[in-house]
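Here's the structure we're looking at; comments come further down.
Please read these numbers as outputs of a predicted model, since none were measured by experiment. Protein chains get the first letters and strands the later ones, always in sequence-line order, with residue 1 at the start of each.
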Amino acid sequence: MIWLLLLYAVFLVVGFLIMKSGQAGLAGRKEKALFATITSIGCVLWLSLLLQRPLDLNKAIGMAIDFFF
Amino acid sequence: MEKALQLSGWQLFGMTSAFVAGTTFILLPVGLISSASQLAWLVQLWSVLFGLAVGGFWLYVASRYPGLSLVEISRRALGKHVGGFVSLCYIVFFIQISAWVTRNMSDFMQINLMPKTPLSVFNILALLVCAYAVIKGIDTISLVSVVLIPLLTIAYWTPFTVMLREWNWNHFDYPVNFDFWPTLAETKYALGFPFMETVAFMMAFPLVRTRLKTAFLGGILFMGFQISLSIFFTVGILGVYRSSHLTYPIYNIFREMQFSTFLEHLEAIVSVTALMLVFVKLSVLFYCAVSSICQLFAIENRAIVAYPLVWVISAYALLFANIVDNEEWVQHYLFIYYVPFGIGFPLLFLIASWFRRRSDSTKEATA
């Protein structure tokens, strides 16, 4: 799990540095927020897998369909 | 953002064909043959007809909103907030299908090629390649498909026809009770996979320069028919029992081929073919997800969205415990889950366009 959090931190830092340097074009607050949000969602999903408590959207969809039909 | 009028009819045809082929060749035959035995090719044919019908429906909906992508149609039809919510649903939908395609590809590679390699390695590497393709743009993805489709068609069918010497018409005498409605109910997932997934192309419709309808529907028909023919050949060569008990029957046909003593392991051809088609399908879906997010949030640079999405899709792709879990979900839930995205929301857009037209004509009449 430590490696995941380290990778997450490094990914964010490198991403922000690239955006700041202008290589990714004009990157304002909205772009940085979206970048961080999507990465964080991915990291949370990975954490849930590593902790053996997956946030299983497939199962949730199956349960919803079973409930209604 | 993409400039308008960027793709030719051939590019859309290539992309649509590759998309429909995608993971269908490797996944669909075994389920259909299990359900419909030697008539599985017929099930696929009526699924193609369904695919053409819904494809025509989406083209009609898109024609009511000329020059607009799916996200833009959603916001124009339903307003900023409701339309934004529906767009978000489609974004999640595209991410989900991308994850499922990634998982199908990883399962195929792990089972047949590299059993000791973890699935996450295949997922991440494939997604990084596709993220690069997405950043390059849909014209790049479409040009790749235009080049690949003729080559892969020849590479696939040439060895396949060699195996016709194993053909046995007795394989079609397998005892089966074929009732139309129960078989349709049992194989309804074949209507959704892959045909209802092609709603993703509504993101690319505004970019097509010429022959949009011919290219899109032609791609569905061209590849759908080939899948049906492949299923027919699979039954004729392997028989119903073997085809319905192998995980990847078409792969097994290629593995059992023998041209001569020095040409062997021809399953490598179908592996490469399958992988290339899967990569094109994954790139298209990934592009649609990224493009939708960029349009919804007015982001210019796709890289800002594409690379972070690799985190989400690679994790999502690991949610199914195994291939059996995956196939059970597909059989039970896929069609019902796809109906809102393939039929429900587009119908809403159509109804909204009718209302707007009526109110516009009422305003003109009073003015």
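In this structure, the side chains of Leu319(B) and Leu49(A) come closer than 4.5 Å at one or more pairs of heavy atoms. Contact annotation: the side chain of Gln96(B) approaches that of Leu57(A) to within less than 4.5 Å [non-hydrogen atoms, C-beta and beyond].
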- Message: Checking Leu318(B) against Trp46(A) for the side chain to side chain contact (heavy atoms under 4.5 Å, CB included) test, could you report, in this order, the C-alpha distance in whole Å, the side-chain angles of both residues, the deciding distance, and whether it holds?
- Response: CA-CA 9 Å; Leu318(B) 294 173; Trp46(A) 270 103; 3.5 Å; yes
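Contacts with chain A were tallied for Asp325(B), Val312(B), Leu309(B); Val312(B) has the most, counting heavy-atom pairs under 4.5 Å. Here Ile65(A) is the residue among Ile65(A), Val44(A), Leu45(A) with the most heavy-atom pairs under 4.5 Å with chain B. Here Asn58(A) is the residue among Ile38(A), Ile41(A), Asn58(A), Leu7(A) with the most heavy-atom pairs under 4.5 Å with chain B. If you tally non-hydrogen atom pairs under 4.5 Å between each of Gly42(A), Ser40(A), Ser48(A), Cys43(A) and chain B, the highest count goes to Gly42(A).
No more than 12 heavy-atom neighbours from other residues, nucleotides or ligands sit within 6.0 angstrom of CE on Met63(A). Enclosure of atom NZ in Lys188(B) by more than 12 non-hydrogen atoms of other residues, nucleotides or ligands within 6.0 angstrom is indicated. Atom CZ of Phe180(B) is surrounded by more than 12 heavy atoms from other residues, nucleotides or ligands within 6.0 Å.
One finds the CG atom of Leu34(A) at 9.5 Å from the CG atom of Leu296(B) (value rounded to the nearest 0.5 Å).
The contact between Tyr8(A) and chain B is made by backbone and side chain atoms together, counting heavy-atom distances below 4.5 Å. Both the backbone and the side chain of Leu4(A) come within contact range of chain B, judged by heavy atoms closer than 4.5 Å.
Taking all atoms of both residues into account, the shortest heavy-atom contact from Tyr333(B) to Gly62(A) is CE2-O, 3.4 Å. The two residues Lys30(A) and Phe297(B) make their nearest non-hydrogen contact at NZ-O, 2.9 Å. When all heavy atoms of Pro308(B) and Phe11(A) are compared, the pair lying nearest together is N-CZ, 3.9 Å.
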